[in-house]
Protein chains: 2
Amino acid sequence: MATRLSDVAARAGVSVKTVSNVINDYPHITARTRAKVEAAIAELDYTPNVSARSLRKGRSDFIALAVPEMASPYFAELGAAISRAAKKRGITVLIDQTEGEAAAEKLVLDGMRGQLIDGIIFSPITTAPARITSADTAKPLVLLGERHPGGTFDHVAVDSVQASFDATMHLVSIGRRRIAAIGVGGGAGTGSVRRKGYRKALKAAGLALDPALEVGGPGYHREDGAASMRELLALPEPPDAVFCFNDLMAIGALRALTDAGLSAPKDVAVIGFDDIEDGRYHSPSLTTISADKEWLAENAVALLLDRIAGTGEADRRDLTVPYTLTIRESTGG
Amino acid sequence: MATRLSDVAARAGVSVKTVSNVINDYPHITARTRAKVEAAIAELDYTPNVSARSLRKGRSDFIALAVPEMASPYFAELGAAISRAAKKRGITVLIDQTEGEAAAEKLVLDGMRGQLIDGIIFSPITTAPARITSADTAKPLVLLGERHPGGTFDHVAVDSVQASFDATMHLVSIGRRRIAAIGVGGGAGTGSVRRKGYRKALKAAGLALDPALEVGGPGYHREDGAASMRELLALPEPPDAVFCFNDLMAIGALRALTDAGLSAPKDVAVIGFDDIEDGRYHSPSLTTISADKEWLAENAVALLLDRIAGTGEADRRDLTVPYTLTIRESTGG
DNA sequence: CTGAAAGCGCTTACAG
DNA sequence: CTGAAAGCGCTTACAG
């Protein structure tokens, strides 16, 4: 515990500079010296003090991931993927739950954690991405989620309009004509972007828009999906298909359907968005838009580290996450 | 960013000591001085450098939570609760995914993270809790999960034997006579402890033990539960009820049942353990053992902080998490 | 290649 | 109450 660099140096019979060189993998060290130092490190069970290193270097090799809630399956899976991607590069991820609170998101932007972290991967809910400018933060930042024109930050996101178009067209392709959307009032622009793709598809299919079929939001949880589905079923003319803007709401919608004595896809076909693990196990299993979370994690981390190292391109970068439409039982796959 | 304590002091016209006193809420500061300092802090948008503070004080107000995988719903929900509990006390939680790897768990015990963290809440999978001794770690540590006699650390856990007894007796109480257990080979002792409660209940109910009905492990995921259920259904004499040692396996088991054209609770009643959010939304909804995660989180954090502050009791403490049996559709509730 | 020394930004005895 | 100074454990010019 109290082992210091100088202890290692004394033990190995070299200067602290040499030990530091070995630890940081600098050149110009003979194999013999290196071996001697490494032996001393092992004998003393030495680990560098990251506070001291970070204070001196101005770099900690910590990055933060700020998400609305880590218990939400999508964010939990994403967090796990980002942690793994960072670990491969020697970086530790600190997960910050904003709980969608504006104050907590503001803290993130202010470069929270007292300058400990080197940069932030941020999935905003309350703060509109378009309103985030570089003036708000002192640290490199990569935004996740819907892309907004005019933003000033690097961005990694699915093409939500296109994906929503595809999801809706899938419902059209299986013969549905009265297609609802759940989650249109969702936070941080998700609802409006996905609705755009939904409406585009209806138009392309020659179907009329019906405001009564656009429901839900701002909540994006299971109970919100269930409530929205109940609302739709109470309509004089209920839908024969529903596009839920995330899987969590779709799972709630499936449950509401069951509770009403109906089933998917027979009475109402249901499609979600995110491809969370649990969707595969529900009965019926959930058709969904499956964005590549590993790809997203790898690229978000790489982009942020480029910025931190100062090796990123000068321009803002926008990366588009690949996705596929995964057809399962809830739409009759 | 480059604002330092001394800048604030200069701005406020006081010494750095006084600014430090204000920030750390020390006594003997006039309201006037405090106001002056706080104004300077606000004007300069100053945030203390945690690396410097941590280096000097030997305390960072960071704790680590080491879990097998943060994407697993139980650990995600637990992590969220622990983060919240810690935040209330001004503590930041760093989540570490060990992925059940012995090497990663070893790192945790070695007091990973270069002395940044003040203590660890550890949910081991690979390392047998009984084998963890204080000699292995330099930091205060609180263990989660099954309690083992002879351990040397503070512990917070459900009484798994009793809870498993209750779960099994519930199946008996609804008239089931051929009751299987899934997950008996589970890691870190969970499987054997829960099997103990299961067997005790069968005995109390006057039912014979059948080794063919004790399956599963070491995997505790949805697919493992599904595979175990298929195995049980292939038996010459399949069970009429199954106690799954966690909800994730129970969800897989439900799915396997559906795939076989059977249903719960009619053909096979199913009960889980953990009460993860998703279990409420499956069809049928899942009967389960519901441990109080908020209670667990609050107490684990409080216990750890007591140790860190040196105010904990001298003896090792064992806290038992309250739980309830939550009856839902999968056992005919 | 190595050594001696400064300094990152705090906190904390120590004097006043 | 305040000020001047040391020191936490590193890294990094600077001389050799």
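Heavy-atom basis, side chains included; hydrogens, waters and symmetry copies ignored. Chain A is the first sequence line, chain B the second, and so forth, proteins listed ahead of strands; every chain is numbered from 1.
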Out of curiosity, A:Ile63 CD1 to A:Ile82 CD1, how far, rounded to the nearest 0.5 Å?
7.5 Å

Could you check whether any side-chain heavy atom of B:Ile23 comes within less than 4.5 Å of a side-chain heavy atom of B:Leu5, counting everything from C-beta outward?
yes

Just so I know, are the side chains of B:Ile120 and B:Leu304 near enough to count as touching, which here means a heavy-atom distance under 4.5 Å?
no

Side-chain donor-acceptor pair under 3.5 Å between A:Ser54 and A:Ser60, yes or no?
no

Per the under-4.0 Å heavy-atom filter, residues of residues 10-20 of chain A near DNA chain D come out as A:Lys17, A:Ser20

Measure from the side-chain heavy atoms of A:Lys57 and tell me the nearest of D:dT12, D:dC10, C:dT11.
D:dT12

Given D:dT2, C:dC10, C:dT11, the nucleotide with the shortest approach to the side chain of B:Thr33:
D:dT2

Given atom [atom1] of [X] and atom [atom2] of [N], what is their separation to the nearest angstrom?
X        : N      : atom1 : atom2 : answer
B:Leu116 : D:dC8  : CG    : C1'   : 14 Å
A:Arg56  : C:dA6  : CZ    : P     : 13 Å
A:Arg34  : C:dT2  : CZ    : C1'   : 16 Å
A:Leu5   : C:dC8  : CG    : C1'   : 16 Å
B:Asn49  : D:dC8  : CG    : P     : 18 Å
B:Asp7   : C:dC10 : CG    : C1'   : 13 Å
B:Leu55  : C:dG7  : CG    : C1'   : 12 Å
A:Arg53  : C:dG9  : CZ    : P     : 18 Å

Do any side-chain nitrogens or oxygens of A:Asn24 fall under 4.0 Å of OP1 or OP2 in D:dT11?
yes

Dot-bracket for DNA chain C, please, read 5' to 3', with Watson-Crick or G-U wobble pairs under 3.5 Å on both distances, ( ) within the strand, [ ] crossing, | other strand, . unpaired.
|||.||||||||.|||

C1' gap between C:dG16 and C:dT12, integer Å
16 Å

One pair to check against side-chain contact (heavy atoms from CB on, under 4.5 Å): A:Val156 and A:Trp295. What are the steps and the verdict?
CA-CA 10 Å; A:Val156 184; A:Trp295 192 100; 4.2 Å; yes

Under the side chain to side chain donor-acceptor pair (under 3.5 Å) rule, collect the residues that match up with B:Asn299, sequence neighbours excluded.
none

Qualifying residue, where the test is salt bridge (Lys or Arg N to Asp or Glu O under 4.0 Å) with A:Asp154 and the options are A:Arg307, A:Arg316, A:Arg317
A:Arg307

Full working for side-chain contact (heavy atoms from CB on, under 4.5 Å) between B:Thr92 and B:Lys87:
CA-CA 6 Å; B:Thr92 299; B:Lys87 193 182 250 179; over 6 Å; no

Begin from the C-alpha positions of A:Asp96 and A:Val67 and carry the test side-chain contact (heavy atoms from CB on, under 4.5 Å) through to its verdict.
CA-CA 6 Å; A:Asp96 207 56; A:Val67 294; over 6 Å; no

